[in-house]
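Notes follow the structure.
Just so you know, these numbers come straight off a predicted model, no measurement behind them. Residue numbering restarts at 1 for every chain, and letters A, B, ... go by the order of the sequence lines.
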Amino acid sequence: MLDCLPHSLIPSIAPMSLLDNLNPPQHAAVTIEPRHALVLAGAGSGKTRVLTTRMAWLIQTGQVSPHGLMAVTFTNKAAREMLTRISALLPINTRGMWIGTFHGLCNRMLRAHYRDAGLPQTFQILDTADQLSAIKRLLKGAGVDDEKYPPRQVQHFINAAKEEGLRHTEVEAYDSFNRQMVELYGMYDAQCQREGVVDFPELLLRCYELLTHNAPIREHYQHRFRHILVDEFQDTNRLQYRWLKLLAGGGAALFAVGDDDQSIYAFRGANVGNMAEFEREYAHERVIRLEQNYRSHGHILDAANTLIRNNSGRLGKNLWTDQGHGEPIRVYEALSDAQEAQWVIEEIRSLVGEGRLRREIAILYRSNAQSRVLEHALFSSGIPYKVYGGLRFFERQEVKHALAYLRLMENPHDDTAWMRVVNFPARGIGARTLEQQADIARLHNCSLYSAVSQVPGRGGNNLAQFASLVDRMRFETQNLPLHEIVDHVIEASGLIQHYLQEKEGAERIENLRELVNAAAAFAAEDGYGLADAGALAQTLPESGVELPSPLAAFLSHAALEAGDNQASEGQDAVQLMTVHAAKGLEFEAVFITGLEEGLFPHENSVLEQSGLEEERRLMYVAVTRARERLYLSFSQTRMLHGQTRYNMQSRFLSEVPEESLKWLTPRNGRAKAVDTAGGWGHAAWGDESERGGFSRPAKDAPYVGSSEGYSSRRTSDAGVEVNGRTFKVGQSVAHPKFGEGVIVSLMGSGQDAQVQVNFGGVGTKTLALAMAKLDPV
DNA sequence: ACTTTCTTTCTTTTT
DNA sequence: GAAAGAAAGT
């Protein structure tokens, strides 16, 4: 074991500087004995600091060499942050250290052991969009009805199974629908294998299987990594947890940091339960809570604490601060979304007038659709702003086209890449020809590239020309440096020529040129991601690891790191983003807008307890982003999907302590009534009899209800007639139990018709018209 | 084979 | 209200 340590590393006492200024729990976490431990780190409690300081401390005290340490994060940004902070703490070379994302580290291992993992050396990574198009292609080829098996749903099924660690042979299928899904899963994996491509969850599952089935490789890594540190542990899925356990199986210490209250990614497979399980299984005596918050003023923390207490099954944690109460949270009720935006503008003006920086002001919203009104208002009032989210560099169509050519040069059997650019720019290859080609490929169970020579006629000719174009590009760039390869390809493929002719093509050309720069930068940076190359070289030297080509490394990089969201640092601009995107960030002043039932919490989430609780955690994350000032706002009406909606204020508003709030608009009866109405739980949705008209929430077969009976979104202006009475939006009605209310929307028709009624203090109810005892007033 | 028009469907998102 | 996909027109 000791021979793993470099000679230069002499065990020494940690100088005080590393551990200085840590509070007692932080100190305890950083210096905890080398066994499994769980750190429950509340928002703003110094989580990243603890993580990086522990790594530095372990290295500095000689307990581990940089080489024997692994740190896993979810995002590349977090991984980079960790690297910079470690370099700042210790004068060590972080190159080659195993610090990265789950996917990045798995990719590294699979590249090193591609043969043992059953992959071609040139395997390519499919991003979500590539995966979807691969699935569409599969469904088409197999003649599967994509109405009954929507590609997105198939994709979700496959990914969910993989994230549970299940191959198609291991998924239980209890009905014919699921049997078909499982079948498709199997066919999809076979297709990927044949094409030499790997999707995101596959990176993890393959790596997990490699370690499970191959004892020498497993033991090598188990022996090598003495300390494994995990960030954002609440976001891990089951497979990631198993992967960690496996790697730590040789006696390594697993140091997990997370906050169950900030788990907001259950919808994509994260399993908060991993935290409780980890505590029970390994760390029951070594759980440390970081509860002192260094970020927010008292009222803000009180709001967050009170709010999150409404959730069940928490691991338990209460943030406190010694910073004093600070200012109260300001609440504003707007008449319309536009007016809400206008109010935000005015508040921002006055904040900036007080001398605050615009970049220290964030406007948060639940869903991206809400940003437009805000952007419009900001734009017309001339306030600089940046919107986060949206298209990222490597996801732009012109960039993906260029990457597809590069992928084909690496691996011509990548059918997804083939289909993407075979007729782009247009070269007279139409749907008919491609169908023929696909049929031949399916018949011979070979790639589209291999089938080219057998396609008859003019179409076949054009295909052959395209194939030779790819071959030629590969040949002509053989010995060129990476950025020149890219430069050659964007010209030779005709992409530049094509966009020159397009009206809006200038920006796309610019992006293609930028891709050349990105390639140059990538090659320059530690010599094409030497982080990888270096790490590979130290891995199982005896197995003769072959380094991937610069192009292959660049393509991995492009798939695994989709690049920045246009927002550039530096300029002083107001920050706009979804609450999800704000996780991990902090601002002096934060606006949480659109606090309305149906929006936040989102209507698709309120039916299930777990969904509602995730929304509440989301609200918790939003609130805890603010340092000094927090503004909450909602609007009576809002344009959504091209229609005006009438919303109630969010239940989350009433879950914040009254004494921390300062209403900027008069609190109307409605808002007051909310307080006295008490428990929102089931009551908010009315009792069973009123909803009895349409199916129970079908837990196991989520799509049962969506056939045609009612269309949940279409609001009829003309009104709906049920049992001889007509109901219209805006009409006043009376209900024996809820009292008087106003119809806010109508859905469906006939006996299935539903109505949303705003009963003021009682809230907005959705009722089945045929069942509810509603009378026009 | 390519272009235009209609229809549909809308959370959240990293890798 | 916008983007993507399908159907229909050139």
Side-chain angles (χ1 to χ4, degrees), chain A residues 72-79 100-107 125-133 136 146-147 150-152 156 159 162-163 198-205 207 231-232 235-237 239-240 263-270 364-373 376 388-392 394-395 397 423-434 458-459 462 556-563 565 577-584 594 598-606 611 614-615 617-619 621-622 638-644 706 711-714:
Chain A
V72 200
T73 63
F74 275 86
T75 65
N76 293 298
K77 196 174 150 203
T101 63
F102 280 99
H103 295 84
L105 298 177
C106 286
N107 178 51
I125 299 166
L126 297 186
D127 68 15
T128 312
D130 294 333
Q131 185 190 30
L132 188 61
S133 73
K136 284 180 183 164
D146 58 1
E147 297 267 286
R152 293 192 165 280
H156 181 260
N159 289 349
K162 288 189 180 184
E163 281 163 3
V198 162
D199 58 47
F200 285 137
E202 181 74 20
L203 281 170
L204 285 152
L205 185 50
C207 186
D231 191 16
E232 306 277 19
D235 288 338
T236 51
N237 61 39
L239 178 57
Q240 286 160 338
S263 160
I264 55 174
Y265 288 110
F267 74 91
R268 64 175 198 218
L364 308 184
Y365 34 80
R366 172 68 238 265
S367 64
N368 284 307
Q370 290 165 248
S371 76
R372 196 168 342 111
V373 194
H376 179 77
Y388 287 74
L391 214 47
R392 290 175 308 172
F394 287 111
E395 288 168 0
Q397 66 146 300
N423 196 35
F424 193 97
R427 36 177 83 84
I429 299 171
R432 181 83 198 91
T433 307
L434 291 172
R458 210 182 56 214
N462 290 343
S556 292
H557 167 81
L560 289 174
E561 184 157 5
N565 294 338
M577 65 193 84
T578 64
V579 180
H580 282 93
K583 187 171 162 213
L599 250 190
F600 197 0
H602 196 275
E603 55 196 346
N604 298 356
S605 305
V606 293
E614 178 145 320
E615 294 287 311
R617 291 193 293 270
L618 200 48
M619 181 67 184
V621 167
R638 184 174 297 275
M639 276 295 270
L640 201 66
H641 307 325
Q643 272 165 334
T644 307
S706 70
S711 132
S712 62
R713 232 158 274 283
R714 186 141 309 150

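Between A/Asn423 and B/dC2, a side-chain N or O to OP1/OP2 separation shorter than 4.0 Å is present. Phosphate contact (OP1/OP2 of B/dA1, side-chain N/O of A/Thr433, threshold under 4.0 Å): present. At the phosphate of B/dT12, neither OP1 nor OP2 sits under 4.0 Å from any side-chain N or O atom of A/Asn604. Dashed line: the shortest gap from a side-chain N or O of A/Asn368 to OP1 or OP2 of B/dT11 is not under 4.0 Å.
For A/Thr75, the side-chain atoms get nearest to B/dT14 when compared with the rest of B/dA1, B/dT11, B/dT14. Listed nucleotides: B/dA1, B/dT12, B/dC2. Nearest to the side chain of A/Ala426: B/dC2. When each of B/dA1, B/dT13, B/dT15 is scored by its nearest atom to the side-chain atoms of A/Thr578, the top-ranked nucleotide is B/dT13. The side chain of A/Thr128 sits closest to B/dT15 out of B/dT15, B/dT13, B/dT11. Among the nucleotides B/dA1, B/dT11, B/dT15, the one closest to any side-chain atom of A/Glu615 is B/dT11.
Judged by ring centres under 5.5 Å apart and planes tilted less than 30 degrees, A/His602 stacks against the six-membered base ring of B/dT11. In this structure, the aromatic ring of A/Phe267 is positioned over the six-membered ring of the base of B/dT12, centres within 5.5 Å and planes within 30°.
The two atoms that bring A/Ala79 and A/Gly100 nearest to each other are CB-CA, 3.9 Å, heavy atoms only. Contact between A/Asp235 and A/Gln240 at its shortest, heavy atoms only, is O-OE1, 4.0 Å. Pairing each heavy atom of A/Leu618 with each of A/Phe600, the nearest pair is C-CZ, 3.9 Å. Taking all atoms of both residues into account, the shortest heavy-atom contact from A/Pro201 to A/Asn159 is CG-OD1, 3.3 Å. Nearest heavy atoms, A/Arg366 versus A/Leu599: CG-O, 3.0 Å.
Separating the CD atom of A/Glu232 from the P atom of B/dT15 is a distance of 12 Å, rounded to the nearest angstrom. As a whole-Å value, the separation of A/Arg432 CZ from B/dC2 C1' is 17 Å. Put simply, CZ on A/Arg152 is 12 Å from C1' on B/dT11, counting in whole angstrom units. Atom pair A/Glu614:CD and B/dT12:P shows a separation of 13 Å (rounding to whole Å applied). Distance A/Leu599 CG to B/dT11 P: 11 Å, rounded to the nearest Å. Taking atom CG on A/Leu391 and atom C1' on B/dT13, their separation rounds to 14 Å, with Å as the unit. Remark: P of B/dT11 and CZ of A/Arg268 are 16 Å apart, rounded to the nearest angstrom. Here the C1' atom of nucleotide B/dT12 and the CZ atom of A/Arg366 are 4 Å apart, to the nearest Å.
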Listing time: all N or O pairs from protein to nucleotides 1-8 of chain C that are below 3.5 Å?
residue	atom	partner	partner atom	Å
C/dG1	O6	A/His641	O	2.8
C/dG5	OP1	A/Lys136	NZ	3.1

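For the residue pair A/Thr128/A/Gln131, the side-chain donor-acceptor check at 3.5 Å is not satisfied.
Closest-nucleotide positions on DNA chain B for A/Ser367 and A/Ile429 were compared, and the one nearer the 5' end corresponds to A/Ile429. When the nearest nucleotides of DNA chain B are assigned to A/His103 and A/Ala431 by heavy-atom distance, the more 5′-ward of the two goes with A/Ala431.
Across all strands, A/Ser556 comes closer than 4.0 Å to no nucleic acid atom at all (heavy-atom distances). Residue contacts for A/Asp199: at a heavy-atom cut-off of 4.0 Å it reaches no nucleic acid atom on any strand shown. Using a 4.0 Å heavy-atom criterion, one finds that A/Tyr265 contacts the sugar-phosphate atoms exclusively. No contact: A/Ala559 has no heavy atom under 4.0 Å from any strand.
Note on ring orientation: taking the six-membered ring where Trp is involved, the planes of A/Phe394 and A/His557 are perpendicular (angle over 60°, cut-offs 30° and 60°).
Shown here, B/dT13 forms no base pair; nothing in the strands shown gives a Watson-Crick or G-U wobble contact with both key distances under 3.5 Å. The nucleotide C/dA8 finds its pairing partner in B/dT3, both defining distances of the Watson-Crick or G-U wobble pair being shorter than 3.5 Å.
When ring centroids are compared, A/Phe267 and A/His580 come within the 6.0 Å threshold.
With respect to A/Arg392 and A/Asp127, no salt bridge is recorded, no charged nitrogen being found less than 4.0 Å from a carboxylate O.
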